[in-house]
Protein chains: 2
Amino acid sequence: MILQMPRRRAVKRATRAGRTAVKPRVRLDTDERRAQLLSLAKASFSMRAYDDVSIDDLAREARISKGLLYHYFPTKRDLYVAGLREIADELVGAITSVPEHLAPIERVRAGLDAYLDHVTRVPQAFVSLMRGGIGSDPEVAAVIEGVRTRLFEQFLHGTPFAPVLAGNARFETAVRGWIGFVEYATIEWCVKPRLSREELRDLFTEILFAILGVVVPKG
Amino acid sequence: MILQMPRRRAVKRATRAGRTAVKPRVRLDTDERRAQLLSLAKASFSMRAYDDVSIDDLAREARISKGLLYHYFPTKRDLYVAGLREIADELVGAITSVPEHLAPIERVRAGLDAYLDHVTRVPQAFVSLMRGGIGSDPEVAAVIEGVRTRLFEQFLHGTPFAPVLAGNARFETAVRGWIGFVEYATIEWCVKPRLSREELRDLFTEILFAILGVVVPKG
DNA sequence: AGGCACTATTGAAACGGAGTCAATAGCGAC
DNA sequence: GTCGCTATTGACTCCGTTTCAATAGTGCCT
């Protein structure tokens, strides 16, 4: 009913040498701005729950308008997922750099060391990643599932059984289950550490090989 | 500015023998209504994600007004959590009825049978429970954590080590980790079963005892 | 220097869903 | 009947996400 009206514009205010400090309009290029927002998102969503982080808050903290935020990320959820992806990639990236040519046990231990080091560095981010800030969102689930799969492959390659047993349902269920074991125990450890980092690493290692002892044909 | 105005009331429509079918106002007593809403909530939140279920939808499906829904559950989240609690209790209840006086291994197997039977009966509910529909909500986390703790105690009592090792951090971490293992493998199994129910049960059992072999002092 | 084009940025308003509340309808008791 | 109690309604408020035309900075061309 009401026709489109020309928008009113705010009255001009003295922009230079005015006594009342006018918010300077900072221009960044696309990449910098995007990086800034991602980093802010990762921090905010790690500290507070998804619903408790409002776009207004984020825009205010970034000292930009809501509109600009939406220019970079079309949706709050997109922003969240983008942040989560970064956290996930950092985690996986941290352990994909394990030296080759070690004995299987040593490779697993080294991988777990890298993993736990990284987790220790950013425990909040890890917990919020793995708890899946938005339950049952397919994209979020995909990110987490991706982490598990990549970890699975990492640790699988540390053992000499990979080529023989790839595709064996019992074997794969057991090793993927071990990933679940590690994940859950690590979250609990972040919240309330009852073992040292080394004890936890050794426990994980011993249990992986115990599990392999169960599912690998002749031990 | 605008003062409180007396509410307009909808025009009276012929309530009896009218041709236009008037929605009958069904009166239920508190318990029935509450049960109906809980059951609807469990179904809806199992099918769709939390954010994709709107109060309006639920009210429409229940053939009541939003206001009434809010009369029973003061908050959408409360409704969700109440449904989750029921699902959790059903799950735990299903396996707390394992016959006593069996050998440890048999008790564990029986417990897992009951567990997997129940999961098979309501896989959607199980998955949505364990994936934690609302991430990082403290109440939701508490429900899930409660399930894990009760399962932990169940299965712990199935072994003869409980009294000796209660409080031992390495032991408890390992057994709780096994719960994580079972949980994650079960979710995957619900989504894409690659083993039979019996194979999965046996795998879980064997791995529990392998894990115990690692953390119990002399095997 | 002044206009031009191009892109980052803004602000206000639309939109949508959660949550509120005074008013109303059904139902049993007297 | 009509009184009183309780279940129920629906319009309204509120608040956070999302949209989009308008605007301001920046460098370039002349």
Side-chain angles (χ1 to χ4, degrees), chain A residues 1-16 22-37 41 44-45 48-81 134, chain B residues 1-16 22-37 41 44-45 48-60 62-81 134 137:
Chain A
M1 303 315 174
I2 299 198
L3 298 177
Q4 191 79 347
M5 292 248 162
R7 302 288 172 84
R8 279 169 292 136
R9 276 284 104 200
V11 286
K12 278 243 175 77
R13 283 181 290 175
T15 50
R16 61 179 58 176
V22 171
K23 173 184 167 188
R25 193 185 268 212
V26 181
R27 264 173 95 97
L28 292 185
D29 78 12
T30 306
D31 291 346
E32 290 176 82
R33 184 63 86 193
R34 196 185 155 83
Q36 174 210 9
L37 295 179
S44 300
F45 287 124
R48 286 173 283 166
Y50 180 79
D51 284 337
D52 294 343
V53 176
S54 78
I55 291 292
D56 295 75
D57 291 346
L58 288 172
R60 196 173 317 115
E61 285 177 53
R63 303 181 168 283
I64 62 172
S65 69
K66 269 193 295 191
L68 187 57
L69 194 39
Y70 276 96
H71 176 69
Y72 284 91
F73 298 93
T75 278
K76 180 183 179 183
R77 182 159 298 194
D78 283 323
L79 175 57
Y80 175 78
V81 171
I134 311 177
Chain B
M1 304 317 172
I2 298 196
L3 298 177
Q4 190 80 348
M5 291 246 161
R7 302 289 170 83
R8 279 169 290 133
R9 274 285 106 198
V11 285
K12 276 245 175 78
R13 284 180 289 176
T15 49
R16 62 178 59 175
V22 171
K23 173 183 167 189
R25 193 186 269 214
V26 182
R27 264 173 92 98
L28 293 185
D29 78 10
T30 306
D31 290 347
E32 290 176 83
R33 186 61 87 192
R34 196 185 155 82
Q36 175 210 9
L37 295 179
S44 300
F45 287 123
R48 287 173 282 165
Y50 180 79
D51 284 336
D52 294 343
V53 176
S54 78
I55 290 292
D56 295 76
D57 290 346
L58 288 172
R60 197 172 316 115
R63 303 181 168 282
I64 62 172
S65 68
K66 252 197 310 189
L68 188 56
L69 194 39
Y70 277 98
H71 176 69
Y72 283 91
F73 297 92
T75 277
K76 181 183 179 185
R77 182 158 300 192
D78 283 324
L79 175 57
Y80 175 78
V81 171
I134 312 177
D137 175 293

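Proteins get letters first, then strands, A, B, ... in listed order; numbering begins at 1 in each. Everything numeric in this text was worked out from a predicted model, so none of it was measured.
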Tell me the closest heavy-atom pair linking [X] and [Y], and the distance in Å.
X: A:Ser65; Y: A:Ala59; result: C-CB, 3.9 Å
X: A:Val26; Y: A:Arg33; result: O-NH2, 3.1 Å
X: B:Pro74; Y: B:Tyr70; result: O-CD2, 3.6 Å
X: A:Ser44; Y: A:Val53; result: O-CG2, 3.8 Å
X: A:Lys66; Y: A:Ile55; result: CG-CG2, 3.7 Å
X: B:Asp57; Y: B:Asp52; result: OD2-O, 4.2 Å

Set of side-chain hydrogen bond (donor to acceptor under 3.5 Å, both in side chains) partners for B:Arg48, sequence neighbours left out: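 So B:Arg48 forms a side-chain hydrogen bond (donor to acceptor under 3.5 Å, both in side chains) with B:Glu61.
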Going by the rule side-chain hydrogen bond (donor to acceptor under 3.5 Å, both in side chains), which residues pair with B:Thr75 if we only count those two or more places apart in sequence or in a different chain?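 B:Thr75: no side-chain hydrogen bond (donor to acceptor under 3.5 Å, both in side chains) contacts found.
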Value in whole Å for how far the [atom2] atom of [N] lies from [atom1] of [X]:
X: B:Arg60; N: D:dT9; atom1: CZ; atom2: P; result: 14 Å
X: B:Leu58; N: C:dG17; atom1: CG; atom2: P; result: 13 Å
X: B:Leu69; N: D:dG10; atom1: CG; atom2: C1'; result: 14 Å

Does the side-chain contact (heavy atoms from CB on, under 4.5 Å) test come out yes or no for A:Leu28 and A:Gln36, once each step is laid out? CA-CA 10 Å; A:Leu28 292 185; A:Gln36 174 210 9; 4.1 Å; yes
Return yes if some donor-acceptor pair links the side-chain N/O of B:Asp29 with the main-chain N/O of B:Glu32 below 3.5 Å, else return no.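 Pair found, side chain donor or acceptor close to backbone of B:Glu32.
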Strictly under 3.5 Å: I want the nitrogen or oxygen pairs between protein and nucleotides 4-8 of chain D, one per line.
unit_1, atom_1, unit_2, atom_2, d
D:dT6, O2, B:Arg27, NH1, 3.4
D:dT6, O2, B:Arg27, NH2, 3.1
D:dA7, OP1, B:Thr30, OG1, 2.5
D:dA7, O4', B:Arg27, NH2, 3.4
D:dA7, O3', B:Leu28, O, 3.3
D:dT8, OP1, B:Val26, O, 2.8
D:dT8, OP1, B:Leu28, N, 2.8
D:dT8, OP1, B:Arg33, NH2, 2.7
D:dT8, OP2, B:Arg33, NE, 3.2
D:dT8, OP2, B:Tyr72, OH, 3.3

Would you call the rings of A:Phe45 and A:Tyr50 parallel, tilted or perpendicular, taking 30° and 60° as the class edges?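 Taking A:Tyr50 first and then A:Phe45, their aromatic rings lie parallel (interplane angle under 30°).
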Could you go through A:Asp51 and B:Arg77, starting from their C-alpha distance and side-chain angles, then the distance that decides it, and tell me whether this counts as side-chain contact (heavy atoms from CB on, under 4.5 Å)? CA-CA 12 Å; A:Asp51 284 337; B:Arg77 182 158 300 192; 3.3 Å; yes
Could I get a table of every N or O pair under 3.5 Å where one atom is in the protein and the other is in nucleotides 14-16 of chain C?
none

Do the side chains of A:Asp31 and A:Arg34 get close enough for a salt bridge, i.e. N-O under 4.0 angstrom?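 A salt bridge is absent here (no side-chain N lies under 4.0 Å from a carboxylate O).
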Shorter than 3.5 Å, N or O on both sides, protein versus nucleotides 16-19 of chain D: list them out with atom names.
unit_1, atom_1, unit_2, atom_2, d
D:dT17, OP1, A:Lys76, NZ, 2.8
D:dT17, OP2, A:Ile55, N, 2.9
D:dT18, OP2, A:Tyr70, OH, 2.9
D:dT18, OP2, A:Lys76, N, 2.9
D:dT18, O4, A:Lys66, NZ, 3.2

Quantify the bending of the helix from C:dA1-D:dT30 to C:dC30-D:dG1 as the angle between its end axes, each fitted on five pairs, to 10°.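 The end-segment axes of the helix from C:dA1-D:dT30 to C:dC30-D:dG1 are tilted 20° relative to each other.
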